[in-house]
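The structure appears below as structure tokens.
If you're wondering where the values come from, they're calculated on a predicted model, not measured in any experiment. A note on names: the letters A, B, ... follow the listed sequences, proteins ahead of strands, and every chain is numbered from 1.
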Amino acid sequence: MRRTVDVDATILSSRVIARGTTELALAVPRNAAPRPGQFLHIRAPGEFLRRPISASGYDEETGAARIIVRDAGRGSRAISGLGAGDRVRLLTPLGRGFPMESIIRDIASGKKIWLAGGGIGAAPLLFAASSVRAADLAIDSFVGFRDEESVIGVRELGECGSVSVSVGGLVTDAMTRAMESAVPDSILACGPVPMLRAIQKICAGRGIRGFMSVEERMGCGVGACLVCVCRTGTGDGWEHRRVCRDGPVFGISEVAL
Amino acid sequence: MRTKLCGVELKNPLIAASGTFGFGREYDELYDISCWGAISVKGLTLRPRRGNPPGRIAETASGMLNSVGLQNPGVDAFIRDELPWLAAKGIPVIANVAGSSEEEYAEAVRRLSDSPVAMIELNISCPNVRQGGVSFGTSPERVYGITRLVRACTGLPLMVKLTPNVSDIAEAATAAEDAGADAVSLINTIIGMAIDTGTRRPVLANVTGGLSGPAIKPVALRMVWQAARAVSIPVVGMGGITTADDAVQFMIAGACAVMIGTANITDPMSGPRIIDDFRRYLEGEGISDPGALVGSLRTDEADARREVFENRKSDVL
């Protein structure tokens, strides 16, 4: 049975893949492998709280989960500073990921689904793309980065379908342009809040469905402490839902950003 | 390891602290939560509350700030949806109750009194709500008033959770005892804040929050010691406990039982680990009743008192 475990995981490899951005592979128990959109809650050396990091891939053969960490603060720097052979305490897998089975079914039946990523937000989308590819299908991506030095994942996404890369510009501009010839049925998105807001607007205007992975400062990671909430729903029925447990993946129009 | 708290049998004196453990379901997926002596559930209010906007957490040196603001489904939903499952785990359930007004506290406690909860923990120390909460706990008169009111509403054992944001914790504990509390628990979080220098904004959306974790342990230990000397009802200690040794320190200071909170957040397996280590400590010391630890602090003052007592005994003989 697949279940969440708290384990000491060995770092199998670590390499800098862009400026201030490190990809690490960690050995995790096979029955605790993450799926696309799920995250690992990692106790960085010297830090008090754990840090949630989305999985960017999982290798069935080696049992290695991959993460991509951008140096944003003390915690992420402590994680990106880990090297091969180091051990780190982590919870895996956590959260509700992308519904890959229905996504793959939709693609197989001819529906058009796009990936939309901004900056480090491309990381969980690499995992989603590779699982589509594993089903012998293709998925097109739109990714955007601040500058050339920050670009990640283009080669991996290119193996899974066509890729549009925006450097210094808005990924949503590239998407809007592409929509002049073909509008997707749904979008899987992850990135900074302004980008996600723009995508919500595009989706609402054109009746596009989909999912987004959101980020919030987190405590326990398992759903007990109610620290990492986001606002969902509208009118009097709005509520605070847990990013770690009810998410991090939500319906694209579900979250009030 | 067995002990009694206000007449309630606990299999050990270690209790999951309110606000860090939800209603137990999430942790029960990681380990069998019936290993705990008791569980104090997430703070309950009469009506559902959505709590404060995010960000609700900030890391600090050896601790964390939170400003959840009592997000909870309300007492009725708790009794209907959560309590049957939790009560079936076979361990005492402590209902932590908060409110914005006296009437709210009273009605919430009345509704819980007909449910299978073992004990009420009166939360007059939440620093993260605009109305009520900690303001009920910051003066001895208000502690007395709300405790007296709630005492009249329930036949369940009543424990009052005190705030450290007072100048004299002994006064607050005494006020609760005088008003009819069966126990006091302390400390709740210490009000603090954190600032992001990049944006010059507070890290917490609520600006201030409650500090918890090892950072506050020395303060908590001192306050438990002071409270335990001031009252004759049981004192339940908490504040930054992350090891069995920490728990033992609180008991030596005068706590009959201890609560573990923030440690659950940083290490979800803290509960079973601390409980196992505590059992091993007792075995190593040859102690079967954890009550033997309670208030066993040795100070020069205590030693001198003991000496006087021994001398008198020999005079009489």
Side-chain angles (χ1 to χ4, degrees), chain A residues 1-8 32 41-44 46-52 72-76 78 89-95 193 214-233 236-248 255-257, chain B residues 16-17 19-31 33 41-43 48-73 194 196 198 203-205 209 212-215 240 242 261-270 272-273:
Chain A
M1 192 185 113
R2 194 162 159 279
R3 55 172 296 180
T4 302
V5 293
D6 189 38
V7 289
D8 282 320
H41 208 27
I42 304 175
R43 186 158 206 182
E47 294 298 294
F48 186 69
L49 294 172
R50 297 183 185 220
R51 298 296 193 279
R74 261 192 357 243
S76 45
R89 193 79 181 168
L90 57 84
L91 279 158
T92 178
L94 290 174
V193 168
V214 303
E215 197 177 34
E216 187 52 65
R217 285 177 188 271
M218 208 171 269
C220 67
V222 299
C225 77
L226 305 183
V227 150
C228 62
V229 296
C230 64
R231 190 176 165 147
T232 64
D236 289 341
W238 74 270
E239 55 183 341
H240 275 140
R241 294 177 70 200
R242 304 165 296 182
V243 170
C244 69
R245 185 83 177 196
D246 305 316
V255 182
L257 292 164
Chain B
T20 61
F21 211 74
F23 303 120
R25 285 186 197 271
E26 293 80 13
Y27 288 101
D28 198 58
E29 290 173 12
L30 294 168
Y31 63 89
I33 60 167
V41 299
K42 172 69 190 167
R49 285 182 70 116
R50 290 163 173 145
N52 292 326
R56 292 177 169 183
I57 190 168
E59 173 155 341
T60 68
S62 298
M64 55 170 267
L65 289 159
N66 90 82
S67 63
V68 171
L70 290 175
Q71 177 173 341
N72 81 96
D196 181 331
V203 179
L204 300 173
S212 63
T242 52
T262 301
N264 294 309
I265 293 177
T266 56
D267 171 9
M269 302 304 285
S270 289
R273 172 176 57 79

**Message:** If I take atom CD1 from residue B:I57 and atom SG from residue A:C225, how far apart are they, to the nearest 0.5 angstrom?
**Reply:** 5.5 Å
**Charged N-O contact under 4.0 Å between A:E239 and B:R49** = no
**Prompt:** Top residue by heavy-atom pair count (under 4.5 Å) with chain B, among A:G219, A:C230, A:A224?
**Reply:** A:A224
**Item:** Closest non-hydrogen atom pair between A:H240 and B:Q71, with its separation
**Value:** O-NE2, 3.0 Å
**Item:** Residue part contacting chain A, namely of B:S67, when any heavy atom lies under 4.5 Å
**Value:** neither
**Fill in**
Shortest non-hydrogen pair, A:V229 vs B:P54, comes out as O-CG, 3.3 Å
**Contact class of B:D267 relative to chain A, heavy atoms under 4.5 angstrom** = both
**Option in B:G63, B:A61, B:P53 with maximal non-hydrogen atom pairs under 4.5 Å from chain A** = B:G63
**Prompt:** Taking B:G22, B:G24, B:P48, B:A58 one by one, which has the highest count of heavy-atom pairs under 4.5 Å against chain A?
**Reply:** B:G22
**Prompt:** So, do B:T262 and A:F48 sit near enough that their side-chain heavy atoms are less than 4.5 Å apart?
**Reply:** yes
**Prompt:** Going from CZ on B:R56 to CD on A:E216, what distance comes out if it is rounded to the nearest 0.5 angstrom?
**Reply:** 9.0 Å
**Item:** Side chain to side chain, B:P268 and A:L91, heavy atoms closer than 4.5 Å
**Value:** yes
**Fill in**
Tested for salt bridge (charged side-chain N to carboxylate O under 4.0 Å, His left out) against B:E59, the lone hit among A:R217, A:R50, A:R74 is A:R74
**Request:** Determine the minimum heavy-atom distance between A:D6 and B:M269, stating which atoms define it.
**Result:** OD2-CG, 3.8 Å
**Request:** Among B:E26, B:M64, B:R25, single out the residue with the greatest number of heavy-atom pairs under 4.5 Å to chain A.
**Result:** B:E26
**Prompt:** Checking A:R245 against chain B: side chain, backbone, both or neither under 4.5 Å from a heavy atom?
**Reply:** side chain
**Fill in**
What one should report as the nearest heavy-atom pair of A:C220 and B:I265 is N-CG2, 3.5 Å
**Fill in**
What one should report as the nearest heavy-atom pair of A:L226 and B:K42 is CD1-CE, 4.0 Å
**Asked** By a 4.5 Å heavy-atom criterion (distance strictly below it), what part of B:F23 contacts chain A: side chain, backbone, both, or neither?
**Response** neither
**Fill in**
Nearest heavy-atom approach of B:T266 to A:L49 is CG2-CD2, 4.1 Å
**Complete:** Honestly, the part of B:T20 sitting under 4.5 Å from a heavy atom of chain A is backbone
